[in-house]
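Below you'll find the structure, written out as structure tokens, and then a few comments.
First the proteins, then the strands, lettered A, B, ... as listed; each starts at 1.
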Amino acid sequence: MKNEDIALKYSPQDIEDKWYKHWLDKNYFHSEPDDREPYCIVIPPPNVTGVLHMGHMLNNTIQDVLVRRARMQGKNACWVPGTDHASIATEAKVVAKLKEEGIDKKDLARDEFLKHAWEWKEKHGGIILEQLKKLGASCDWERTMFTMDEDLYESVIDVFIDLYEKGLIYRGVRMVNWDPSALTAVSDEEVIHKEIQSKLYHIKYPIVDNTRHCGLDPQPPHSVDSGFRRNDGTVVCNDEYITIATTRPETILGDTAVCCHPEDERFLHLKGKSVLIPLVNREIPIIFDEYVDREFGTGCLKITPAHDVNDYHIGIKHKLPSIDIFNDNGTIHEKIGLYAGKDRFVVRKEIAKDLENAGFLAKIEDYVNKVGFSERTDAVIEPKLSLQWFLKMENLAKPALDVVMDDTIQFHPTKFKNTYRHWMENVKDWCISRQLWWGQRIPAFYAPNGDFVVAKTKEEALAKMNSMGYCKNPLQINDLKQDEDVLDTWFSSWLWPISVFDGIRNPNNENIRYYYPTNDLVTAPEILFFWVARMIVAGLEYQKEIPFKNVYLTGIVRDKIGRKMSKSLGNSPDPLDLIKIYGADGVRVGMLLTSPAGNDLPFDKSLCEQGRNFCNKIWNAMRLVNGWEVSQTIEQPEYAKVSIDWFDAKLNEQITIIEDHFAKYRLSDALMTTYKLVWDDFCSWYLEMIKPAYLQPIDAITHQKTIEFFDKLAQLLHPFMPFITEEIWHILGEKKEDIIISNMPKSVSFDKSLIDKFDIAQHVITEIRTIRKEKNIPQKEAIILFVKKNNEQPETLFDSVVQKICNLEKIEYISQKLENASTFIVKSTEFFIPLGDKIDKDVEKTKLLADLKQAENLLRSTQAKLSNERFVSSASEQVIAMERKKQSDAQQKIDVITKQLEQLN
RNA sequence: GGGAGCUUAGCUCAGUUGGUUUAGAGCACCUGCCUUACAAGCAGGGGGUCGUGGGUUCAAAUCCCUCAGCUCCCACCA
């Protein structure tokens, strides 16, 4: 392509869709098992109803970098995309949408509701996958999966049955986290505890004195104005109370005891007595348990086993009854009588008032406590006793812990091993049932008498049930009812690395054998337990092998002032808008520039700007090279020859470093190394070194080598910046293949001395530039450089380059000092630029004095070390030799400077 | 309440088993440049008592302890 036809600025819109379509047409993203080494990533499936946010952008950029690099390394790269049915979130969305249409979920049958849900999924689901294409994600779209696809559904059911038959799944009444808004149990991990400003209510419970009788008639039950007699004749005294403190006065309706510490002398005399619940007038015992903190509140605690986890455990210990006072939606149950049908928060206010009016409220304190909220609906979680399905975790967790601790699976960064261990060592049984419709329905079937069997189909269940002789008369198919609950979403996603290859149903199929275990998993630390840990468990249980070898944990994308990006704060930019403005490559670079694994990414659009600027820099370098006229006849200049040798060495040196960064999953460092290699070494140095004069042609050899370098750089950049690199790869020359499937350059041995020698030349050039600037000598004006040999032989290899870059008339080697010249020293070689009357002795002197001071400091420190006997006797020879060299260098420099100063005076 | 981690330039971070001159990078900043690839740029430059106070050592950003500050995870103090 001619430069006239190339945009002056890189314009991403023009090429991104073109290349993405091209890659799809060529089917580059698709993978089938073959003889090559596989490289596989399964995507953390985003919610099917989700839209792309910055977290996805970061996460998927990282995955794409890894996949594209692996593909270019000749591996059979396979990135499996897909979405998660996200039962609570999706069901909530569908319910909300139906509500807008005036339909109440309650009025729908299960089938009808699911029909709506599937319609919704077909319509809105998978938007996010389309969005991933915009950022360049090279997923194998032919393998796109959904956790509710038929075969994945079946895998989940198979696993449930298997675990049930192994005795690992059980059904039982437990205290669960109840979401009164979504009307379902949620796992511990889905509860977010927040500090809340609330109140601590001190409530007086009248003590029942079984020893006193009086002849009064019973008083109205809601009053304690005077003592009153109960039905059995015992009397409650109005002057004896026990006061408890609670944040939830409404739960007194479900109290079944009051509890004190067994060594608390304040209450010991109450042993064996009981109290009446205010307003309710139900008698409950006073019990004693060491759980009670004597210092807190009144030192006395009410026990409501149905509505508090601690109380629940105390209730079991003391064999207390449990009274559930709430309906599922958080209102008071009709059977309670008082406050029936009213919401828990309404009742809290009302009951406080009623208690006060009746004289039972001692006081109200302000109090900060932690309250659990549902991650999905933000409703206050209600601890609730309910009948749920559980998976026993203890034995499953052990091997999953081991493979991480012994680095069979590596976490990047490793600090997450600690967190993981802590969780796995304290793992609790997993509540896997959810009271929802959108999900895999639990394959348990109930007979009319309540007995149940677990089976894949109703027919199998029937056969099982009858063969086991549960009922006297054989059951008919219609007698069986399937469990209404579905499984926790994570109970399907924990199989993801297996089920996407159908490894549960067909454990030996070609795909699972080839791709499993997968290589890298890229995900957020928040779901280390929800998902990563459980995938490891499932992998070991069902494949007898780890699901992935490396886990790359990303950070959280935050805004400039450190807040987590979220919809509700409105502080999250739309990644697609960013892509429109800065280009996909620009945004990808922006995301990766400052996000080492495990570190939060403080995002600012200036990062994308930097990425975009980098694109433009590459683009312009391409335009420069592309615009050169190539001459087959002119000879290759000396400066070009040495420049090529140098850059070749530099390139290989940097490739080694980049490879090392990738091996350690330091993607930001790998990108930054590449960035500097391209911008600084290639553009700022190499291209300037070989660039022919304006409108002059370039020799064919140099041109050829330059194109080769540029191609290699484009290849190194491709995983980070797929679009622009594919474009310039093709503009720079006819290519047999596309860059996306080309072979990634590998490091080869290189001559390090070339790099060191050029390092000196770079210093010389910088010094000359500084002098030109200070003395206002325009670049166009040629100058002469004199070099004085001192002890060292001056390095001359890059003289032609120095001469060209600095516009030197010539470089002359002399043995005497030069008067009236600006001077500088590199190593111990002295350089002079004659300035005639432009020389300002005072300026030169100041400069020299500063250098002198520095050298003297250095000399002093080395001398101090070397004259220290203990240093000389303890330090290694190498260190001492280095120190000696430092000393002599410093001394030499001091000598040179001193002589120059003498001349100036 | 328990556990883990962090603290290096204005910002975000490197700094490998203690020893490479004066602790590095990117961005930001300052100065000068519209020098025909690029002002989304070029050239040059300034900036850090490595959180505090101790200790070990010939030698500490690096190892040990103290304190302070921050972050995350776990946990049911009503």
Pick base, sugar-phosphate or nothing for A/Gln779, based on heavy-atom distances below 4.0 Å to the nucleic acid.
nothing
Any N/O donor-acceptor pair, A/Asn868 side-chain to B/C58 base, under 3.5 Å:
no
Taking A/Thr246 for the side chain and A/Arg248 for the main chain, is one N or O donor matched with an acceptor at less than 3.5 Å?
yes
Residues of residues 4-12 of chain A with any non-hydrogen atom less than 4.0 angstrom from an atom of RNA chain B: list those, numerically ordered, please.
A/Lys9
Proximity to the side chain of A/Thr419 - top-ranked nucleotide from B/C74, B/C73, B/A37:
B/C73
Centroid-to-centroid, A/Phe267 to A/Tyr205, below 6.0 Å?
no
Less than 4.0 angstrom between a side-chain N/O of A/Tyr582 and OP1 or OP2 of B/A40, yes or no?
no
Does B/U12 have a Watson-Crick or wobble mate here (both distances under 3.5 Å), and if so which one?
B/A25
Quick check on B/C77: is either OP1 or OP2 less than 4.0 Å from any side-chain nitrogen or oxygen of A/Tyr291?
no
Has A/Asn620 got a side-chain N or O lying under 4.0 Å from the OP1 or OP2 atom of B/A40?
no
Answer yes or no for A/Lys417 and A/Phe411: cation-pi contact, defined as NZ/CZ to six-membered ring centre under 6.0 Å and angle to ring axis within 45°.
no
Answer with yes or no whether A/Lys773 presents, from its side chain, a donor or acceptor under 3.5 Å of a partner atom in the base of B/U31.
yes
So what does A/Tyr675 hit on the nucleic acid, given a heavy-atom distance under 4.0 Å: a base, only sugar-phosphate, or nothing?
sugar-phosphate
For A/Cys615, answer base if it contacts any base atom (sugar-phosphate contacts may also be present), sugar-phosphate if it contacts only those atoms, and nothing otherwise; contact means non-hydrogen atoms under 4.0 Å.
nothing
OP1, OP2 of B/C58 versus side-chain N and O of A/Arg870: anything below 4.0 Å?
yes
Counting any heavy atom closer than 4.0 Å, what does A/Thr766 reach on the DNA or RNA strands: base, sugar-phosphate only, or nothing?
sugar-phosphate
May I ask you to evaluate whether A/Arg769 reaches the phosphate of B/G44, defined as a side-chain N or O under 4.0 Å from OP1 or OP2?
yes
For this output row, return yes or no: ring centroids of A/Phe416 and A/Tyr420 closer than 6.0 angstrom.
no
Would you list the protein and nucleotides 9-19 of chain B atom pairs, both N or O, that sit under 3.5 Å from each other?
{"from": "B/G15", "atom 1": "OP1", "to": "A/Arg666", "atom 2": "NH2", "distance (Å)": "2.5"}

Distance criterion of 3.5 Å, no angle test: do you see the side chain of A/Glu688 paired donor-to-acceptor with the base of B/A43?
no
Under 4.0 Å between a Lys/Arg side-chain N and an Asp/Glu carboxylate O for A/Lys775 and A/Glu781?
no
Can the ring centres of A/Phe720 and A/Tyr675 be said to be less than 6.0 Å apart?
no
Per atom distances to the A/Thr770 side chain, the nearest of B/G45, B/A78, B/C73 is B/G45
Roughly how many Å is it from CH2 in A/Trp679 to P in B/A43, rounded to a whole number?
10 Å
Indicate whether OP1 or OP2 belonging to B/C42 is found under 4.0 Å from a side-chain N or O atom of A/Lys617.
yes
Any side-chain N or O of A/Lys691 below 4.0 angstrom from OP1/OP2 of B/A37?
yes
Using a strict cut-off of less than 4.0 Å between a Lys/Arg side-chain nitrogen and an Asp/Glu carboxylate oxygen, indicate whether A/Lys676 and A/Asp681 qualify as a salt bridge.
no
